[in-house]
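Working notes, beginning with the structure itself.
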Protein chains: 4
Amino acid sequence: MPVAIVAFMMSSGRYTYLGPAGTFTEAALRTLPEAGTRELVPMVSVPAALDAVRAGEAGGAFVPIENSVEGGVNATLDELATGAPLMIYREVLLPITFALLVRPGTTLADVKTVTGHPVAQPQVRRWLSANLPDARWESAASNADGARQVQEGRFDGAFAGEFAAAMYGLQPLVTDIHDAQNAATRFVLAGLPGRPSAPTGADRTSVVLWLGDDHPGALLELLQEFAVRGVNLVRIESRPTGEGIGRYCFSVDCEGHIADRRVGEALTGLKRICPGVRFLGSYPRADRVRPALRPGTTDKDFTDASDWLARCLDGRA
Amino acid sequence: MPVAIVAFMMSSGRYTYLGPAGTFTEAALRTLPEAGTRELVPMVSVPAALDAVRAGEAGGAFVPIENSVEGGVNATLDELATGAPLMIYREVLLPITFALLVRPGTTLADVKTVTGHPVAQPQVRRWLSANLPDARWESAASNADGARQVQEGRFDGAFAGEFAAAMYGLQPLVTDIHDAQNAATRFVLAGLPGRPSAPTGADRTSVVLWLGDDHPGALLELLQEFAVRGVNLVRIESRPTGEGIGRYCFSVDCEGHIADRRVGEALTGLKRICPGVRFLGSYPRADRVRPALRPGTTDKDFTDASDWLARCLDGRA
Amino acid sequence: MPVAIVAFMMSSGRYTYLGPAGTFTEAALRTLPEAGTRELVPMVSVPAALDAVRAGEAGGAFVPIENSVEGGVNATLDELATGAPLMIYREVLLPITFALLVRPGTTLADVKTVTGHPVAQPQVRRWLSANLPDARWESAASNADGARQVQEGRFDGAFAGEFAAAMYGLQPLVTDIHDAQNAATRFVLAGLPGRPSAPTGADRTSVVLWLGDDHPGALLELLQEFAVRGVNLVRIESRPTGEGIGRYCFSVDCEGHIADRRVGEALTGLKRICPGVRFLGSYPRADRVRPALRPGTTDKDFTDASDWLARCLDGRA
Amino acid sequence: MPVAIVAFMMSSGRYTYLGPAGTFTEAALRTLPEAGTRELVPMVSVPAALDAVRAGEAGGAFVPIENSVEGGVNATLDELATGAPLMIYREVLLPITFALLVRPGTTLADVKTVTGHPVAQPQVRRWLSANLPDARWESAASNADGARQVQEGRFDGAFAGEFAAAMYGLQPLVTDIHDAQNAATRFVLAGLPGRPSAPTGADRTSVVLWLGDDHPGALLELLQEFAVRGVNLVRIESRPTGEGIGRYCFSVDCEGHIADRRVGEALTGLKRICPGVRFLGSYPRADRVRPALRPGTTDKDFTDASDWLARCLDGRA
């Protein structure tokens, strides 16, 4: 068997993810059916996870991209927007609720110090002030790292996913802690560019758009390319281009699949007016929500209109 | 030779026009190179001229469509918008200046009564009040009819095209009369639907658009279909649909040819959102003005964007 | 009593209208309550009717402005857009149905020739071809003039309003003739500029707007001034400015009264971007339709937002 | 002297800032003229710095809000958008260049380990790989903390502002390190709500806008409120509302001052359509750039249009 093919199989058999093990990212990754048959490798950072794919050392990288409390994950947005191209093939939406993990035998009254990832803090703040008003918070590098430090005795409790308890010999003292209703994190599986996943009727398309100059109406024009074709946006984030204060690109998700005519035409419109467009993929929505289409925007409407145009050009309209 | 072909040659050898002979319409028609080889038949009305084409009795009908002083010619706009379809293949732009035609021997001091088509009146009103403040105006059925009535002695002078003088044995006493600068009339040659004239780079496309319901933003949406593709409008006229006060369709001319990608895409966009679109043709502009294209709207820009989309769909972007 | 005041009372006691007597215009005028106490003077043309007001010889002029079959009445639109300013204070909507007027004793079988105003023809064409397919049509200067010519024996029948029969000693042979459903004409009462009629909640505001240059998006921008404030258009007509083919102004009616905050702000927006704006009045809608207001566009919404702005400026928001 | 006034003077005499001392934030704060006469108190976090103002313990809080490499500072954006209202009164723009700080006597060849704030890393990455390819990076809690750890001997070099060297007994071995051209951070001085700073002609206005529902065109409508009044955006960031994936508010900066008529009208428009608007202040731009005003958008244009409207309402237009 040729070496290249074996290497590919090995690489495609491996998924990297933002580690360490025992975090929400790993829990989300394990909801993917194929996760059971892959080697899952935790990496120290989002760039490291993605670069492994770029280097051919992994077939996919699984990273958080958006959090309903903290917003976009900048490292992921920026890594996908720059450097060697990658594409998104899958997404996972994970409700975020925390457990307070303690060493066996610890009671709530014993908990004087708590830890967790800085992102966790705003999501448990209200619970803390109601239930452990005197506990001192100190941040850890990750929720899993916080659990490890509880195991080692440096803190009394760690906020982490309940699933992390067993890994560190801890017990969940309180579960289902979440200040915000509907707190969730969206994760994506990125790979080398290839054919997008097949359309399912409930898809999401991701692009990064650079505005040509800083003329005031540029963002408005960009949004109109979507609006005129009846394509709804579901996420828009401005990110600095690194060229100075006030220079942005936009990371945008819209409803629909690039193979949908309305989405395809909107993308070509953007391609024509933006100095830079990076297609990041079309993939099934985790929430399976199908778009409510405006009249005149189905594939059939586009095909009928193209047919009519052809007849006009041919003198038969 | 089969009868059908002979009939077609005969019909296509004949052009009807809005008569009578001796009007600006005939003068404009005679500027077309092919006019010299056709039988030119004056008709009593715009509908009559166009219906002769529909009935196969003429190969083309030449009618005024727009006047820079009086506005759109409703009979032409409405006839093209309804009934059996016709298409525009040519346009002629004729500067309108009047001559005051009199019987030989008449001096300005002799002119007590003047006539002309009602449309002529606002175009000579200022000249009249400055030069013949006491002359009494009475309208005629056409400028040519006015000349005929001067010939017959009913009026002292007629405002008409200078070219009409000889036909009625009159003399142009004063020429180049026109209150408004740049007064002009636009005429079109309409025929049965067929392949549009070849693109010249300086073309005009005419359509009639019906708005679906009376929702407030419908006209705005219609204009955005043009604007998003960088297609400029050069004429827009609302016309009643006949269904009651407040119900309109829009007669619209835009820059460019239906074979231009930006125009074609705009038309398909309109086709998808409007309950009715009638394509009236793409044809060379009489003024030969080429559109100033916005960046990103050339055919090459469209083709490049389509190629990019195909590569994205194929995993090679 | 001073002469000036008497003259004013006389003039304001007199309404001119587009004559002759016996037309739909007179019928519409007589639906106004105050018509009973005024001297009603028919004039030969729209300009003549309006100029009498400008000259102080009449307190108001009643003229047609829009017809659901023929469209805008250009003479009225253009006269109101140019020359010494006038304002609209009232409107009347008159359903248009025709009667076939004949000399007493005439039967349908006797009718070989018919007449009427050219505008009437398209509104009775279908009835004619179904009921009098062989009758010959010849146009008259007005419907009333047609009736007069029937009286004089030149034609067998005239299409006119049923109310014209008595005036010319004729009988309505057939009534309620109208090809188009909902055919109606809208008339307006114009006077010298003054305070608009008080708001009724179901008002219409008329303006004429000149676009500054011919930049492609100018019409779009104009419509957005209305749209952003939630003001709906009910009529838009392009009219040539007289400066050459392709130069237009727009005659526009919108819902609401200039004293409504949303309308007032839209008008100031137009005033700032258009080189020319002529306010033609706010007046009660004849159909008494109240606008369906978009959330955030009531007077209270505007006042609340202004109050909030004042508090922000004052450091108390 | 009443206690309350003394307390106020004391509090207003104190500025908190995002500490620790020796960071870019302190350097930026010291560029404000009044910094010399205030007590400057470093705080452990952005929320801590701002809460001191809310609690009346400080007259102002100085915090980073935007970085040209990393983007918006979420803690600042979110703290200003929620909780008890604060307003921005000043901004400072600080070019970001790093120095490599070492213990006296250290040469470049001696540097095996380096540290700095995680945000510093992407800004020195290229310099590191070119000049110290083998050096190992480990993150510190702040640039100042990194310097302290070099002082203590845990690392060989720290990336920090050159100004931090003296504070920690270190020497700048290399200066002016910055991967990105034009790297800069924008800082703001926030205080309790009050009258905005006086307009200077080169101002910036900050607001937070909540979209009412998730209807697709909501963002487009929001942008149009600015566009119609000719107000240019200079920053827009979406932030999650905390109500679930896909629910955003927008943190927006525009050109101009709330006392400018065009800005004031745009803000009232937003107030009317958005369920939530928080005014965060109008203050002088650090770069002193004056906006290029579109015709029709000066205060005089607004005043003239308002005057015209008043004349129309009064019958004198």
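Quick caveat, the model's predicted, so the values are computed rather than measured. Convention: sequence-line order gives letters A, B, ...; per-chain numbering from 1.
With rounding to the nearest 0.5 Å, the separation of CG in D:Asp304 from CZ in C:Arg272 is 11.0 Å.
Top candidate by heavy-atom pairs under 4.5 Å with chain D, chosen from C:Asp301, C:Leu192, C:Val228, is C:Val228. Listed options D:Cys312, D:Pro295, D:Pro193, D:Pro196 were ranked by heavy-atom pairs under 4.5 angstrom with chain C; first place goes to D:Cys312.
Side-chain atoms of C:Trp308 and D:Val277, non-hydrogen and from C-beta on, do get closer than 4.5 Å to each other. Looking at D:Leu313 and C:Arg195, their side chains never come closer than 4.5 Å, going by heavy atoms from C-beta outward. You'll find the side chain of C:Arg294 reaches within 4.5 Å of the side chain of D:Ile273, heavy atoms only.
Of the atoms belonging to C:Arg278, not a single heavy atom falls under 4.5 Å from chain D. With a threshold of 4.5 angstrom between heavy atoms, C:Arg316 does not approach chain D through any atom at all.
Of all residues in residues 259-271 of chain D, those placing a non-hydrogen atom less than 4.5 angstrom from a non-hydrogen atom of chain C are D:Ala259, D:Gly264, D:Glu265, D:Leu267, D:Thr268, D:Lys271.
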